[in-house]
Amino acid sequence: MEQSITKKNRINWIDNARGVSLVSMILYHFMFDLVYIFGVNIGWYRGTPGYYWQQSICITFIFLSGISCAFGRNNVKRGAIIFAFGMLMTLGTWVALPSQLIKFGILHFLGLVRIVFGLLEKPLKKIKPEIGFAVFILLFLMTKTVPEGYLGIGDIRLFELPDVLYSSKLLFPLGFPHASFWSGDYFPMIPWSFLFLSGFYFWGILVKLGKKGEHFKAWPVFNMLGRNSLFIYVIHQPICYGLLLLLDFFSVL
């Protein structure tokens, strides 16, 4: 499963898909600020449609990140950089928007999971991609409710987890938030690391089948966004908030 992707031979469909997901995320966060910070009542956004919109974005983005780590040259270093940006998001929300404080969001998760992957890369690559994909996608489905206190799929509760796991104030990064825990953005290692790893093994399956998709052409705007996803993610939040402040100042909202 060893792959090396340079700027000259990037897999365009990955960058395209990441770019589309970024656009969707920017729109979603714009709506989030509009509803939860500026108080505009949009019922469907607060309900099931908004939830599935949010899930479609994070599932796509994390799965693609897992694919990308398959040909990352230094995943530990890259993970440390991403995690550092996550801590900047924590500091930024603590100073500017304490009501939306991000304690362990998507950047914290992507940074930490990439560091862990980099440290375990050699043994992980020994697992056959078909087995790895099946195991980790199943683990993701079964553990998605761990932050809610049980193992299961959706509302089907198969096993209640012991309360002691949720009593500590230090285990929220793993997926065991304590009763008073709250974060403006929350992506713990369980279950999301399993989705990340399923993306890694999915790429292994494509490589094995000889269907990496090199023939896909770049979609100019989306491809550019996808190739600069970290930078776009960091700057889009203050831009969205600043634009809404401007609209509110001129009584447009």
Side-chain angles (χ1 to χ4, degrees), residues 13-68 82 85-86 89 93 97 99-110 113 137 140-148 152-156 175 177 181-196 198-199 202 219 221-226 228-245 247-248 252-253:
W13 70 264
I14 298 175
D15 289 328
N16 292 343
R18 189 185 289 113
V20 171
S21 182
L22 275 169
V23 170
S24 183
M25 178 199 66
I26 291 168
L27 293 173
Y28 178 85
H29 284 158
F30 183 86
M31 292 286 291
F32 182 93
D33 292 349
L34 187 65
V35 172
Y36 290 103
I37 297 178
F38 289 86
V40 177
N41 185 22
I42 303 175
W44 65 265
Y45 183 84
R46 293 176 177 269
T48 301
Y51 170 77
Y52 281 116
W53 184 13
Q54 185 262 358
Q55 289 292 291
S56 71
I57 298 166
C58 61
I59 287 173
T60 300
F61 203 81
I62 291 172
F63 190 77
L64 290 172
S65 295
I67 291 176
S68 298
I82 295 172
F85 275 104
M89 293 293 290
T93 52
L97 281 172
S99 64
Q100 300 298 323
L101 176 63
I102 298 174
K103 296 179 180 178
F104 199 84
I106 188 69
L107 292 183
H108 299 82
F109 163 74
L110 288 176
V113 75
I137 201 70
F140 171 66
L141 294 174
M142 293 291 295
T143 62
K144 198 167 185 300
T145 54
V146 162
E148 298 170 38
I153 298 177
D155 294 328
I156 301 175
F181 175 80
W182 190 90
S183 178
D185 189 32
Y186 184 46
F187 287 88
M189 296 296 283
I190 300 174
W192 297 104
S193 58
F194 300 134
L195 178 64
F196 180 92
S198 70
F202 179 76
W219 301 343
V221 174
F222 293 113
N223 197 270
M224 179 275 295
L225 292 173
N228 298 279
S229 56
L230 179 58
F231 175 72
I232 300 298
Y233 184 88
V234 171
I235 68 168
H236 89 278
Q237 296 273 32
I239 290 175
C240 287
Y241 184 67
L243 179 58
L244 286 169
L245 277 176
L247 293 174
D248 188 50
V252 175
L253 299 180

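Nothing fancy with the numbering, it's 1 onward along the sequence.
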Worked check of side-chain contact (heavy atoms from CB on, under 4.5 Å) between Ile153 and Thr145: CA-CA 7 Å; Ile153 298 177; Thr145 54; over 6 Å; no
Any Leu245 side-chain heavy atom under 4.5 Å of Leu247 side chain: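 Side chain of Leu245 against side chain of Leu247, heavy atoms only: no contact under 4.5 Å found.
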Arg46/Asn41 under side-chain contact (heavy atoms from CB on, under 4.5 Å): CA gap, chis, key distance, verdict: CA-CA 9 Å; Arg46 293 176 177 269; Asn41 185 22; 3.9 Å; yes
As an exercise, state the distance from [atom1] of [X] to [atom2] of [Y], rounded to the nearest 0.5 Å.
X: Phe109; Y: Leu195; atom1: CZ; atom2: CG; value: 7.5 Å
X: Met189; Y: Phe194; atom1: CE; atom2: CZ; value: 9.0 Å
X: Lys103; Y: Asp185; atom1: NZ; atom2: CG; value: 13.0 Å
X: Leu107; Y: Met89; atom1: CG; atom2: CE; value: 6.0 Å
X: Ile57; Y: Leu27; atom1: CD1; atom2: CG; value: 8.0 Å
X: Asp33; Y: Leu243; atom1: CG; atom2: CG; value: 10.0 Å

Using distance only, find each side-chain donor-acceptor pair of residues 15-26 under 3.5 Å and give its atom names and separation, not counting sequence neighbours.
{"unit_1": "Asp15", "atom_1": "OD1", "unit_2": "Arg10", "atom_2": "NH2", "d": "2.8"}
{"unit_1": "Asp15", "atom_1": "OD1", "unit_2": "Arg18", "atom_2": "NH1", "d": "3.1"}
{"unit_1": "Asp15", "atom_1": "OD2", "unit_2": "Arg10", "atom_2": "NE", "d": "2.7"}
{"unit_1": "Asp15", "atom_1": "OD2", "unit_2": "Arg10", "atom_2": "NH2", "d": "3.3"}
{"unit_1": "Asn16", "atom_1": "OD1", "unit_2": "Trp219", "atom_2": "N", "d": "3.0"}
{"unit_1": "Asn16", "atom_1": "OD1", "unit_2": "Asn223", "atom_2": "ND2", "d": "3.0"}
{"unit_1": "Asn16", "atom_1": "ND2", "unit_2": "Asn12", "atom_2": "O", "d": "3.3"}
{"unit_1": "Asn16", "atom_1": "ND2", "unit_2": "Lys217", "atom_2": "O", "d": "3.0"}
{"unit_1": "Arg18", "atom_1": "NH1", "unit_2": "Gly226", "atom_2": "O", "d": "3.3"}
{"unit_1": "Arg18", "atom_1": "NH2", "unit_2": "Ser68", "atom_2": "OG", "d": "2.4"}
{"unit_1": "Ser24", "atom_1": "OG", "unit_2": "Trp53", "atom_2": "NE1", "d": "2.8"}

CZ (Phe231) with more than 12 external heavy atoms under 6.0 Å: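 It does not: Phe231 CZ has 12 such atoms or fewer within range.
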Can you name the closest pair of heavy atoms from [X] and [Y] and give their distance?
X: Tyr186; Y: Pro177; result: OH-CD, 3.7 Å
X: Thr143; Y: Pro191; result: OG1-CB, 3.2 Å
X: Ser229; Y: Phe61; result: CB-CZ, 4.1 Å
X: Gly199; Y: Ile67; result: O-CG1, 3.2 Å
X: Trp182; Y: Gly184; result: CZ3-N, 3.3 Å

Output field: ring centroids Phe140/Phe196 closer than 6.0 Å: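 So the answer is no for these two rings.
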Under 3.5 Å, which donor-acceptor pairs do the side chains of residues 232-241 form with other protein atoms, sequence neighbours left out?
{"unit_1": "His236", "atom_1": "ND1", "unit_2": "Tyr233", "atom_2": "O", "d": "2.7"}
{"unit_1": "His236", "atom_1": "NE2", "unit_2": "His29", "atom_2": "ND1", "d": "2.7"}

Derivation of the side-chain contact (heavy atoms from CB on, under 4.5 Å) call for Ile42 and Val40: CA-CA 6 Å; Ile42 303 175; Val40 177; 4.0 Å; yes
With Phe187 via ring pair (Phe, Tyr, Trp, His ring centres under 6.0 Å) - residues at least two apart: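 Once residues adjacent in sequence are excluded, the partners of Phe187 under the ring pair (Phe, Tyr, Trp, His ring centres under 6.0 Å) criterion are Trp192.
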Under 3.5 Å: donor-acceptor pair, side chain of Thr93, backbone of Leu101: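 Flag not set: sc Thr93 to bb Leu101 has no pair under 3.5 Å.
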Polar side-chain atom of Tyr45 near backbone of Phe32 as donor-acceptor pair, under 3.5 Å: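 Checking the backbone N and O of Phe32 against the side chain of Tyr45, a donor-acceptor pair under 3.5 Å is found.
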